[in-house]
Novice: 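I am attaching a structure below and will ask some questions about it afterwards.
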Amino acid sequence: MRQARKIIIDTDPGQDDAVAILLALASPELDVLGITAVAGNVPLALTEKNARKVCELAGRPETRVYAGAIRPMVRELVTAEEVHGKTGLDGPDLPEPQMPLMKAHAVDFLIETLMEHAAGEIILCTLGPLTNVALALVREPKIAPRVKEIVMMGGGFFEGGNVTPTAEFNIYVDPHAADVVFRSGIPVVMMPLDVTHQALTMQKRVAAIRDLGTRVGVATAEMLEFFERFDEEKYGSDGGPLHDPCVIAYLLEPGLFKGRTCNVSVETGSELTMGMTVIDWWGVTERPKNALVMRGIDDDGFFALLTERLGRL
């Protein structure tokens, strides 16, 4: 059997973050070295707690969870309780976590772990604002060539934004961090709104997860039913976009996704378009290509993979 690929998940749970974590922990192809929490969907005190709740839900309390940045690098923190609820994981009634929070800061863990492992051995999976990763790069630039790739959920182009007309939430919360990451030279695989808005939690898909009949299946269905209500009202769709699990699904079955390599630059100067990911899809500039930007997804295949893996927990 092929050796499991080593990943670190950087996240701000969030129901869709939680489902991504569950998918990773259910997949033997992936070795989750640690989970680093960042402020985003809700403040850090909740995101680090939510990460531990999800690990315990998955039956993986040995997973190491680290708390990271409490706010963005430059701007004030923007959160999304209107989407995720006051806890960030509204929906199921998950107990307070018993597993400990690691004492080290997430940024220290990122640097030390990347420096301890061989270059190209670790993939960073980013599901929230990029503050932790950017701070690590600023503190220790030597980590950049050691990262195999960053697979991120963030940004949008043809689909526009979901928090402003031009900006997706994760990038908007900390555009300066995103700018650092896209300029770092690390290979990036980007899951923007253009692809995640095709991965809709339709009623039949949520029902299939609930019908697993397990604690994980029922809790996941409850998360998705709470989470999707905001986007159903906003977009008038059957279900809401399931953003973050696309990151993990790409590592498991990259053939589910289609995209092209482009230059991606992040707007940090204009309040009107702050956090916009400017994607040179048509190659009209001479800016170097720095990201594989996904635009297509086999959404039925994606949900089949997700449901099958959740059934293993």
Side-chain angles (χ1 to χ4, degrees), residues 7-12 36 38 40 68-69 72-75 78 107 110-111 114 119-120 122-164 166-196 243-244 246-247 250-251 257 259-295:
I7 68 169
I8 296 172
I9 300 175
D10 188 67
T11 181
D12 62 335
T36 52
V38 66
M73 294 177 74
V74 177
R75 294 164 63 82
V78 175
V107 172
L110 285 167
I111 294 170
L114 285 163
I122 294 176
I123 299 168
L124 300 183
C125 300
T126 64
L127 313 179
L130 291 161
T131 316
N132 286 337
V133 176
L135 288 173
L137 286 165
V138 169
R139 185 183 297 179
E140 181 47 88
K142 291 179 182 177
I143 66 174
R146 304 188 75 80
V147 179
K148 180 177 177 62
E149 64 183 354
I150 295 174
V151 186
M152 71 164 63
M153 190 279 131
F157 189 51
F158 296 99
E159 193 74 3
N162 62 355
V163 65
T164 76
T166 60
E168 178 274 331
F169 178 82
N170 287 342
I171 307 297
Y172 180 77
V173 169
D174 200 340
H176 300 88
D179 183 53
V180 168
V181 170
F182 278 107
R183 291 176 182 270
S184 69
I186 300 171
V188 172
V189 179
M190 179 178 172
M191 296 289 170
L193 298 179
D194 302 272
V195 72
T196 66
H243 308 283
D244 293 329
C246 291
V247 167
Y250 170 79
L251 295 178
F257 300 90
R260 68 172 65 165
T261 305
C262 310
N263 176 269
V264 180
S265 300
V266 180
E267 177 59 62
T268 60
S270 165
E271 282 300 325
L272 181 64
T273 56
M274 180 66 69
M276 179 180 183
T277 45
V278 182
I279 299 172
D280 187 10
W281 186 261
W282 302 115
V284 297
T285 74
E286 295 183 357
R287 294 193 294 265
K289 296 177 179 180
N290 60 353
L292 173 56
V293 180
M294 295 303 178
R295 195 178 174 190

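Only heavy atoms go into these numbers, but all of them, side chains included; no hydrogens, no water, no symmetry mates.
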Novice: Can you tell me how far the CG atom of Asn132 sits from the CD1 atom of Ile8, to the nearest 0.5 Å?
Specialist: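 CD1 of Ile8 is found 11.0 Å from CG of Asn132.
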Novice: Would Val266 and Ile171 count as a side chain to side chain contact (heavy atoms under 4.5 Å, CB included) if you check the C-alpha gap in whole Å, the side-chain angles of each, and the deciding distance to 0.1 Å?
Specialist: CA-CA 8 Å; Val266 180; Ile171 307 297; 3.8 Å; yes
Novice: Look only at the side chain of Asn170 and the backbone of Leu127, and say whether a donor-acceptor pair between them is shorter than 3.5 Å.
Specialist: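 The answer is yes, because a donor-acceptor pair under 3.5 Å joins these two groups.
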Novice: Of all the heavy-atom pairs spanning Ser184 and Ala144, show the shortest one and how long it is.
Specialist: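 Here Ser184 and Ala144 meet closest at O-CB, 3.9 Å.
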Novice: Compare every heavy atom of Gly40 with every heavy atom of Pro129, then report the nearest pair and how far apart it is.
Specialist: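 The pair with the smallest heavy-atom distance is CG-CA, 3.9 Å.
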Novice: Does some side-chain heavy atom of Thr277 sit less than 4.5 Å from a side-chain heavy atom of Glu168?
Specialist: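 Counting from C-beta outward, Glu168 and Thr277 never come under 4.5 Å.
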Novice: What are the two closest non-hydrogen atoms of Met152 and Thr126, and how far apart are they?
Specialist: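 Closest approach of Met152 to Thr126, heavy atoms only: CB-OG1, 2.9 Å.
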Novice: If you define the side chain from C-beta out and look only at heavy atoms, does anything of His243 sit under 4.5 Å from Phe169?
Specialist: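 In short, these two side chains do not touch, never coming nearer than 4.5 Å.
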Novice: If you measure from CG on Leu292 to OH on Tyr250, what distance do you get to the nearest 0.5 Å?
Specialist: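 Going from CG on Leu292 over to OH on Tyr250, the span is 5.5 Å.
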Novice: Let me confirm one number: the CD1-CD1 distance from Ile150 to Ile122, rounded to the nearest 0.5 Å.
Specialist: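 If we round to the nearest 0.5 Å, Ile150:CD1 and Ile122:CD1 are 12.0 Å apart.
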Novice: Using modelled atom types and a 3.5 Å cut-off, is there a donor and acceptor pairing between side-chain atoms of Asn263 and backbone atoms of Asn290?
Specialist: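 Between the backbone of Asn290 and the side chain of Asn263 there is no qualifying donor-acceptor contact (under 3.5 Å).
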Novice: Going from SG on Cys125 to CE on Met153, what distance comes out if it is rounded to the nearest 0.5 angstrom?
Specialist: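 It is 14.0 Å, given to the nearest 0.5 Å.
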Novice: Report yes or no: do Asp179 and Thr268 form a side-chain donor-acceptor pair below 3.5 Å?
Specialist: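 There is no such pair (donor and acceptor under 3.5 Å, judged by atom type) between the side chains of Asp179 and Thr268.
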Novice: Would you call Val188 and Val264 a side-chain contact if the rule is heavy atoms closer than 4.5 Å?
Specialist: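 They are not in side-chain contact.
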Novice: Report the C-alpha distance between Glu149 and Leu251 in whole Å, list the side-chain angles of each, state the deciding distance to 0.1 Å, and finish with yes or no for side chain to side chain contact (heavy atoms under 4.5 Å, CB included).
Specialist: CA-CA 11 Å; Glu149 64 183 354; Leu251 295 178; 4.1 Å; yes
Novice: Quick one: does Asp194's side chain have a donor or acceptor within less than 3.5 Å of a partner on Glu159's backbone?
Specialist: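 Checked: pair present.
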Novice: Please report the shortest heavy-atom distance between Phe182 and Ala291, naming the atom on each side.
Specialist: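 Smallest heavy-atom distance, with atoms named: CE2-CB, 4.1 Å.
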Novice: Identify the two heavy atoms, one from Leu135 and one from Ala69, that lie closest to each other, and give their separation to 0.1 Å.
Specialist: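 Smallest interatomic distance, heavy atoms only, reads CD1-CB, 4.0 Å.
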Novice: Is the closest side-chain heavy-atom distance between Leu137 and Val181 below 4.5 Å?
Specialist: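 Yes, close enough: below the 4.5 Å cut-off.
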Novice: Check whether more than 12 heavy atoms from other residues, nucleotides or ligands sit under 6.0 Å from atom CZ of Arg75, and answer yes or no.
Specialist: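 Check passes, neighbour count above 12.
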Novice: Could you pull out the closest heavy-atom pair between Glu267 and Gly269, with the gap in Å?
Specialist: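 Heavy atoms of Glu267 and Gly269 come nearest at OE2-N, 2.7 Å.
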Novice: Nearest 0.5 angstrom please: Ile186 CD1 to Arg146 CZ, how far?
Specialist: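 The CD1 atom of Ile186 sits 12.0 Å away from the CZ atom of Arg146.
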Novice: To the nearest 0.5 Å, what is the distance between OG1 on Thr166 and CG on Leu272?
Specialist: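 Reported to 0.5 Å precision, the distance equals 6.5 Å.
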Novice: Side-chain donor-acceptor pair under 3.5 Å between Thr36 and Asp10, yes or no?
Specialist: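 Yes, because at least one side-chain N or O of Thr36 sits under 3.5 Å from a partner of the opposite role on Asp10.
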Novice: Between Cys246 and Phe257, is there a side-chain heavy-atom distance shorter than 4.5 Å?
Specialist: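 Side-chain contact under 4.5 Å: yes.
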Novice: With a 4.5 Å cut-off on side-chain heavy atoms, are Ile279 and Arg260 touching?
Specialist: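 Not in contact.
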Novice: Using a 4.5 Å cut-off on heavy atoms from C-beta on, say whether the side chain of Ser270 contacts that of Met276.
Specialist: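 The answer is no, as the side chains (C-beta and beyond) never meet within the 4.5 Å cut-off.
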Novice: Is the closest side-chain heavy-atom distance between Val147 and Leu114 below 4.5 Å?
Specialist: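 Sidechains of Leu114 and Val147: in contact.
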